[in-house]
Amino acid sequence: MARFGFLLLGAATLAAAQPAGGIGIFAGDSDIGNPAIKGSTEFDSAKKEYRISGAGENIWARGDRFHFLWRKISGNVRITATLHFAGTSTTLHRKAGIMLRQSLEPGSAYVDSVVHGNGLTALQVRETTGGITRGFRFPVVAPDRIAPL
């Protein structure tokens, strides 16, 4: 059983599928790794959009600090997201995207597809709990829709 969801370092708006309870189609939202500024999620059922706010240090290396909107899943999954950063920031590596994560622990194994604030688009993976994160750049800059998972 894994958790999938949308991750955020910064503010973003995401288009969503039909709501199923909880926060839209999601079971909950959590701060991972105890970031200094707590995150939050709002769901607009009329627009079927999520607004996720968060701040953290990073989603990288051996541990993470970010805000995560999630639900538990198992089996095969296909995920797409349309996303937009809200506002401007001088933080070039703020991130928004899709993540499959083993647990809510800060060093959990995961794979994600993210767009950075500077437009860098990448696949990131931590293969084992507490392991190092590796990244693979996509040859596209600042897409508003991601669907590689």
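As the structure is a computational prediction, the values presented were derived from the model and not from experiment.
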| Within a reach of under 6.0 Å around CD1 of Ile37, are more than 12 heavy atoms found that belong to other residues, nucleotides or ligands? |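 12 or below, so no.
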Could you tell me whether the side chains of [X] and [Y] share a donor-acceptor contact shorter than 3.5 Å?
X: Thr129; Y: Glu105; answer: no
X: Arg145; Y: Thr80; answer: yes
X: Asn58; Y: His93; answer: no

| Between Ser89 (side chain) and Thr91 (backbone), is there a donor-acceptor pair under 3.5 Å? |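 It does hold such a pair.
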| task | Evaluate the criterion side-chain contact (heavy atoms from CB on, under 4.5 Å) for residue pair Phe138 and Ile146; output intermediate values, then yes/no. | result | CA-CA 11 Å; Phe138 288 121; Ile146 54 176; over 6 Å; no
Heavy atoms, side chains only, cut-off 4.5 Å: are [X] and [Y] in contact?
X: Glu42; Y: Tyr50; answer: no
X: Trp60; Y: Gln124; answer: yes
X: Met99; Y: Val111; answer: no
X: Val114; Y: Thr121; answer: no
X: Leu100; Y: Ile73; answer: yes

| task | Work out which heavy atom in Ser30 is nearest to a heavy atom in Leu104; give both atom names and the distance. | result |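 So the minimum-distance heavy-atom pair works out to OG-CD1, 3.8 Å.
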| Considering all heavy atoms of both residues, which atom of Gly56 and which atom of Pro35 are nearest to each other, and what is their separation? |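 Closest heavy-atom pair between Gly56 and Pro35: CA-CB, 3.9 Å.
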| said: Taking Val140 as the starting point, is it possible to reach Phe136 by hopping between hydrophobic residues whose side chains are less than 4.5 Å apart? | reply: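 Phe136 clusters together with Val140.
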As an exercise, state the distance from [atom1] of [X] to [atom2] of [Y], rounded to the nearest 0.5 Å.
X: Phe26; Y: Thr41; atom1: CZ; atom2: OG1; result: 9.0 Å
X: Phe85; Y: Lys95; atom1: CZ; atom2: NZ; result: 10.0 Å
X: Ser40; Y: His67; atom1: OG; atom2: NE2; result: 6.0 Å
X: Phe68; Y: Ile32; atom1: CZ; atom2: CD1; result: 6.5 Å

| query | Given the rule in the side-chain contact (heavy atoms from CB on, under 4.5 Å) test, do Leu120 and Val115 qualify, once you have shown the distances and angles that lead to the verdict? | reply | CA-CA 6 Å; Leu120 171 67; Val115 178; over 6 Å; no
| message | I'd like to know if Asp112 pairs up with Arg126 as an ion pair, taking the criterion as any Lys NZ or Arg NE/NH1/NH2 lying under 4.0 Å from an Asp or Glu carboxylate oxygen. | response |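 Salt bridge: no.
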| Is a salt bridge present between Asp31 and Arg65, judged by a nitrogen-to-oxygen distance below 4.0 Å? |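 No, this pair does not count.
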